[in-house]
Number of protein chains: 2
Amino acid sequence: MTTKQRSTKQGAAVRDALRTSGGFRSAQDVYAVLRGDGGSVGLSTVYRHLQSLVDEGVVDVIHNADGEATYRYCGDTGDHHHHHLVCRRCGRTEEIEGRAVERWAGEVAAQHGYAQVDHTVELFGVCPSCTRRRR
Amino acid sequence: MTTKQRSTKQGAAVRDALRTSGGFRSAQDVYAVLRGDGGSVGLSTVYRHLQSLVDEGVVDVIHNADGEATYRYCGDTGDHHHHHLVCRRCGRTEEIEGRAVERWAGEVAAQHGYAQVDHTVELFGVCPSCTRRRR
DNA sequence: GAGCTTACCGGTAATCATTACCAACTACCA
DNA sequence: TGGTAGTTGGTAATGATTACCGGTAAGCTC
């Protein structure tokens, strides 16, 4: 556990790119953005930082329909369990928590005798802005 | 829409392999099993059939933690919306339906003004058998 | 600030699941 | 039985993610 974390500009760049994005982005997206901003980051570095951010718990991951991993900065809320409502058009994301769902999941699992239950719950839709903009 | 479905032994083999398995299996798994049974199926063929079974609605797909696609035969129940409680040890799967969750999902989405809402809900745990067997 | 140690970078090669191709094959209908 | 078009399966191609590894620079000490 003696992981000496060194703070580098690349690390900050990746974190900021995700934070300002506000939604779920793929590693390749982040890489493209950073490259577009003129910065010179390596693809390996992007993947590396995304992974450690996930380990730290400040970033959430979900796999899209293609199985591609997408990351989202969830900062402080990272320590408590929550889910997402993602706009499938623009990627905008709302954090939601479902007391009800948590309870339900626990009950269902118990009924079937399953232990050590974990769950994934994600909602996808079209956000107000996108709904207004296009039809 | 003039899709003439021809019935071939390979198609049946893939379907049966999934059906008798009872849980979520990756394409590679199915391929390995079919190969192990002495049958000679092509990897392409396996992927092709899995995909069409998904399109037919008799097979469900979810991506595991590695982003790898896993398929499960859900047969008749395939036409109505349901979720799964998967044993992360042996892959055994129970079908569950959550009236409560559906309602909750709809409400949350409405509150945020999201339209065309869809959702994914999967529960993972350790089934009774596996709990008994090891610990 | 100079020097050192070592974590970190980033380009490239390797891995792996999934898809695209395409020539050989065969289910199905007349 | 013959013809035709959907199907097969081996192989090459694609695309995301990871492994390597020599070079670079953050943070500490003096």
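In what follows, every chain begins at residue 1, and chains take the letters A, B, ... in the order their sequences are listed. This is a predicted model, so every value here is computed, not measured.
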Regarding the side chain of B/Arg6, the nearest nucleotide among D/dT18, C/dA27, C/dC8 is C/dA27
Picking from D/dT8, D/dA16, D/dA26, the nucleotide nearest the side-chain atoms of A/Glu68 would be D/dA16
Practice problem: Would you confirm whether B/His83, through its side chain, and B/Val121, through its main-chain N or O, come within 3.5 Å as a donor-acceptor pair? | Solution: yes
With the side chain defined as heavy atoms from C-beta on, B/Ser7 is closest, among C/dT18, C/dT12, C/dC28, to C/dC28
According to a strict under-4.0 Å criterion, is A/His49 in side-chain N/O contact with OP1 or OP2 of C/dC9?
yes
In whole angstroms, the gap separating P of C/dC8 from CG of A/Leu43 amounts to 18 Å
Do the side-chain N or O atoms of A/Ser26 get closer than 4.0 angstrom to the phosphate oxygens (OP1, OP2) of D/dA16? no
Of the listed C/dC8, C/dA27, C/dG10, the closest approach to the A/Thr8 side chain comes from C/dC8
Point to revise | Donor-acceptor pair (no angle test) under 3.5 Å: B/Ser44 side chain, D/dG10 base | key: yes
_With a 4.0 Å cutoff (strictly under), does any side-chain N or O of B/Thr45 reach OP1 or OP2 of D/dG9?_
yes
(Q) Is A/Arg35 close enough to C/dG11 that one of its side-chain N or O atoms is under 4.0 Å from OP1 or OP2 there? (A) yes
Among the nucleotides D/dT8, C/dC9, D/dT17, whichever has the atom closest to the side chain of B/Gln10 is D/dT8
Is any side-chain N or O of A/Gln5 closer than 4.0 Å to OP1 or OP2 of C/dC8? yes
Whole-Å distance, A/Asn64 CG to D/dA16 C1', equals 11 Å
Identify whether NZ of Lys or CZ of Arg in B/Arg19 sits under 6.0 Å from the centre of the six-membered ring of B/Tyr73 and within 45° of that ring's axis.
yes
